[in-house]
Amino acid sequence: MSYTALYRKFRPDTFEDVKGQEHIVTTLKNQIKANRIGHAYLFCGTRGTGKTTVAKILAKAVNCEHPVDGSPCNQCETCRAIASGASMNVIEIDAASNNGVDNIREIREEVAYRPTQGKYKVYIIDEVHMLSVGAFNALLKTLEEPPSYVIFILATTEAHKIPVTILSRCQRYDFRRITIDTISARLMDLMEQEQVEVEERAIRYVAKAADGSMRDALSLLDQCIAFYLGQTLTYDKVLEVLGTVDTEVFSALLRQILSQNVVGCIHTLEELITQGKELGQLVTDFTWYLRNLLLVKNSSNMEEVLDVSTEHLKLLQEESTMVDTETLMRYIRVFSELSGQLRYASQKRVLVEIALIKLCRPSMEQGLDSVLDRLRILEEKVEQGIPLQAAPGAGAGYGGPVPPTGAGQGCGMAAPGGMPGVGGTAAPQEAPKKAAPEDLQQVKREWKMIVGQSEGMFKQMLLTARPKYNGDTGEAKLYVEFTNPLAANYVNNPEAAQMLERLIQGRIGKSVEVEMLLAAEHQKTGLAEISIDDLIKEAVHMPVVVEEEPDEE
């Protein structure tokens, strides 16, 4: 006799055997016992949750000669005929391949004939959302007023695709995803019947991988048993067969990312690929691992929610102290975006490598969570006494701490205790000359070049700002007027002003005093746009005449 897959061998044949759908099973049993059977049912839910199974049990129950508490007896001639597929009263239709108007017309013609055996003629239409618009319209009248001996059971995984006119004619039952505990208990019971030795931890991992589908769980378990036929099925063996990664590997990978060890991350990825791990599953599992870590960090009572072992929980609690919430959310965001990209990518490995480098190098991104991650890295280096090297304009992107002028040529920060950020004390330099009023014209001309040296949000605000001077006083002071209300963080921020002063000084070679204002709030009078006409005249040594464009008629 040929082998029968576990999900077919142990398909429930009574309502009592259906697990995880008690809210549906109880309702149907009560209807049968009270003889309040509906004429049309719609079973909705994700794959492997029992829609077709319950439909077949219901078809047997309504025709059973000796029902037991609303369930079929499975002993009478009618039950045996339906179970073997020989009954003419239970018709299963696959709407994916029989989705035309002609197929539905055949049903309309057949319902005119009474059942040859039993009380009801039952039509089970699977994947009913695949029917064409014409087929749905042809089904409407029959579905609304079928003969008293006809029952329609429609099953679908995408209820939103079914017309409202069909939905309103059916009793709708939503099948829920089955919990890990329910799936695990069912699998352990079946393994005892099959006399297969298996670790409980391995069973729980299979149940988790099934994602709420009992059929998927049985298929995965069948695959694992076949690979290690005659052997005890352990947790490590399940991981190997399913191509998944153990949490210890994720822990090591996370620590490499936190220490910015790009080479270590790439080596770890290389080892996983060599072992045959599937990259899409790797990304999904690592995202789930980060999610668990985020929950542990933000709550102290997560044992029941996480469904992890005691050893794994201790490891998560230890790692939760090593990383802040914003950094974890950034990691989850990067890998969630990666998960969507991998679906249609031809170079999956390259995308995963880029994502790992992004996590190790937050400077590659300009988002707020990336900036916070960069701050974390800087703080760790300061605590360790590691000299810091900052690029020109670094730090301006987020309006964070900016060192005062003269803190050192190549450093944006000094370590605690007065230690210079760059090894050794900078050599004394000549104080730059102060700018004259006419130098503001050069600042105006070079404005885009100056702003281009800043970073992030500060750069975006400066690009829309207007450099001005005070026409009443004629002083060589630059007023930066922001029009965007979001720039309020930089107004009255001496550190941001000092940063812009250094950028200007580096560009024109003279020091300019800068004051930042918000256009909607400041009360200063006499501010005017800086004109560069005088600068042009000086360059060409001749009068400049600006011609006005003629008016269009």
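In this text the structure is predicted, and so the values were computed from the model without any measurement.
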**Request:** Return yes if a side-chain donor-acceptor contact under 3.5 Å exists between Asp181 and Ser184, otherwise no.
**Result:** no
**Prompt:** Between the side chain of Asn30 and the main-chain N/O of Thr26, is any donor-acceptor distance below 3.5 Å?
**Reply:** yes
**Prompt:** Is the number of heavy atoms from other residues, nucleotides or ligands under 6.0 Å of Arg349 CZ greater than 12?
**Reply:** yes
**Message:** Using a strict threshold of under 4.0 Å (side-chain N to carboxylate O), is an ion pair present between Arg80 and Glu77?
**Reply:** no
**Item:** Leu187 side, atom CG; Ile180 side, atom CD1 - distance, nearest 0.5 Å
**Value:** 11.5 Å
**Item:** Within-4.5 Å side-chain heavy-atom neighbours: Ile124 and Ile91
**Value:** no
**Item:** ring pair (Phe, Tyr, Trp, His ring centres under 6.0 Å) evaluation trace for Tyr123 with Phe152
**Value:** CA-CA 5 Å; Tyr123 287 88; Phe152 285 96; 5.5 Å; yes
**Prompt:** Do we see a donor-acceptor contact under 3.5 Å between the side chains of Glu319 and Tyr289?
**Reply:** yes
**More than 12 heavy atoms from other groups under 6.0 Å of CE on Met188** = yes
**Asked** Backbone N or O of Leu139 within a donor-acceptor pair of the Thr142 side chain at under 3.5 Å?
**Response** no
**Asked** Rounded to the nearest 0.5 Å, how far apart are OG of Ser320 and CG of Leu315?
**Response** 10.0 Å
**Message:** So Leu233 and Leu221, do their side chains get closer than 4.5 Å, heavy atoms only?
**Reply:** yes
**Message:** Within the 3.5 Å criterion, strictly below it, is a donor on Arg47 or Ser213 matched to an acceptor on the partner's side chain?
**Reply:** no
**Prompt:** What are the two closest heavy atoms between Lys277 and Leu239, and how far apart are they?
**Reply:** NZ-O, 3.9 Å
**salt_bridge(Arg333, Glu337) N-O dist < 4.0 Å** = yes
**Prompt:** Below 4.0 angstrom, N of the basic side chain to O of the carboxylate: do Glu92 and Lys56 qualify?
**Reply:** yes
**Message:** In the structure I gave you, are the side-chain heavy atoms of Ile178 and Arg186 within less than 4.5 Å of one another anywhere?
**Reply:** no
**Item:** Note: Glu318-Arg255 ion pair, threshold 4.0 Å (strictly below)
**Value:** yes
**Message:** Do Gln231 and Glu197 pair up side chain to side chain, a donor and an acceptor below 3.5 Å, judged on atom types alone?
**Reply:** no
**Prompt:** How many angstroms lie between CG in Leu295 and CG in Asn298, if you round to the nearest 0.5 Å?
**Reply:** 7.5 Å
**Asked** For Gln193, does the CD atom sit with more than 12 other heavy atoms under 6.0 Å from it, leaving out its own atoms?
**Response** yes
**Prompt:** Any donor and acceptor pair, going by atom type alone, linking the side chain of Asn103 with main-chain N or O of Gly100 inside 3.5 Å?
**Reply:** yes
**Asked** Between the side chain of Asp222 and the main-chain N/O of Ala5, is any donor-acceptor distance below 3.5 Å?
**Response** no
**Asked** OH of Tyr7: more than 12 outside heavy atoms within 6.0 angstrom?
**Response** no
**Evaluation steps, side-chain hydrogen bond (donor to acceptor under 3.5 Å, both in side chains), between Lys297 and Gln317** = CA-CA 7 Å; Lys297 184 169 183 65; Gln317 290 171 342; over 6 Å; no
**Item:** Point-to-point distance, once rounded to the nearest 0.5 Å, from CD of Gln281 to OG of Ser339
**Value:** 9.5 Å
**Request:** Step by step, work out the side-chain contact (heavy atoms from CB on, under 4.5 Å) result for Val262 and Leu356.
**Result:** CA-CA 7 Å; Val262 176; Leu356 290 174; over 6 Å; no
**Item:** Residues Tyr205, Glu199; criterion side-chain hydrogen bond (donor to acceptor under 3.5 Å, both in side chains); working and verdict
**Value:** CA-CA 10 Å; Tyr205 190 87; Glu199 287 184 356; over 6 Å; no
**Prompt:** Less than 4.5 Å apart, any side-chain heavy atom of Leu140 and any of Glu144?
**Reply:** no
**Message:** Would the distance check show the side chain of Gln21 and the main-chain N or O of Thr49 forming a donor-acceptor pair, the cut-off being under 3.5 Å?
**Reply:** yes
**Asked** Does NZ belonging to Lys237 count more than 12 external heavy atoms closer than 6.0 Å?
**Response** yes
**Asked** Looking only at heavy atoms, which two atoms of Cys360 and Ile257 are closest? And how far apart?
**Response** SG-CA, 3.9 Å
**Closest approach of Tyr41 to Cys170 (non-hydrogen atoms, all atoms of both residues)** = C-CB, 4.2 Å
**Asked** Taking the inter-plane angle between the rings of Phe250 and Phe286 on a 0 to 90° scale, is it parallel (under 30°), tilted (30 to 60°) or perpendicular (over 60°)?
**Response** tilted
**Item:** Closest heavy-atom pair and its distance - Gln31, Tyr173
**Value:** NE2-OH, 3.2 Å
**Asked** What heavy-atom pair brings Leu342 and Gly280 nearest, and what distance separates the two atoms?
**Response** CD1-CA, 4.2 Å
**Asked** Mind checking what makes salt bridge (charged side-chain N to carboxylate O under 4.0 Å, His left out) contact with Asp211, not counting sequence neighbours?
**Response** Arg177
**Prompt:** Do the charged groups of Lys29 and Glu16 touch, with an N to O distance under 4.0 Å?
**Reply:** yes
**Asked** Passes side-chain contact (heavy atoms from CB on, under 4.5 Å), Leu328 versus Thr325? Steps please.
**Response** CA-CA 5 Å; Leu328 277 175; Thr325 300; 5.7 Å; no
**Message:** Just so I know, are the side chains of Asp126 and Ile93 near enough to count as touching, which here means a heavy-atom distance under 4.5 Å?
**Reply:** no
**Message:** So does Cys44 get a backbone contact from the side chain of Asp174, meaning a donor-acceptor N/O pair under 3.5 Å?
**Reply:** no
**Item:** Residue pair Thr284 / Trp288, side-chain heavy-atom distance below 4.5 Å
**Value:** no
**Request:** Let me see the working for Leu293 and Leu254 under side-chain contact (heavy atoms from CB on, under 4.5 Å), right down to the final yes or no.
**Result:** CA-CA 11 Å; Leu293 193 59; Leu254 177 64; 3.3 Å; yes
**Request:** Drop me the distance from Asp13's CG to Ile82's CD1, to the nearest 0.5 angstrom.
**Result:** 12.5 Å
**Message:** I'd like to check Leu282 versus Leu269 (side-chain heavy atoms, cut-off strictly below 4.5 Å). Are they in contact?
**Reply:** yes
**Message:** Treating Lys60 as the side-chain partner and Ser71 as the backbone partner, does any N or O pair qualify as donor plus acceptor under 3.5 Å?
**Reply:** no
**Item:** Any donor-acceptor N/O pair, Lys51 side chain to Thr46 backbone, under 3.5 Å
**Value:** yes
**Request:** Working to the nearest 0.5 Å, report the span between CG of Asp17 and CG of Asp189.
**Result:** 9.5 Å
**Prompt:** What are the two closest heavy atoms between Ala95 and Ile125, and how far apart are they?
**Reply:** CB-CG2, 3.9 Å
**Chi angles and distances behind the side-chain contact (heavy atoms from CB on, under 4.5 Å) call for Leu154, His129** = CA-CA 9 Å; Leu154 315 180; His129 65 272; over 6 Å; no
**Asked** Would you say Tyr331 and Lys358 make side-chain contact, with heavy atoms under 4.5 Å?
**Response** no
**Asked** Is there a donor-acceptor pair closer than 3.5 Å between any side-chain N or O of Tyr235 and the backbone N or O of Glu200?
**Response** no
**Message:** I'd like to know if the side chain of Thr287 and the backbone of Val283 have a donor-acceptor N/O pair within less than 3.5 Å.
**Reply:** yes
**Request:** State whether the number of non-hydrogen atoms from other residues, nucleotides or ligands found under 6.0 Å of Gln75 atom CD is greater than 12.
**Result:** no
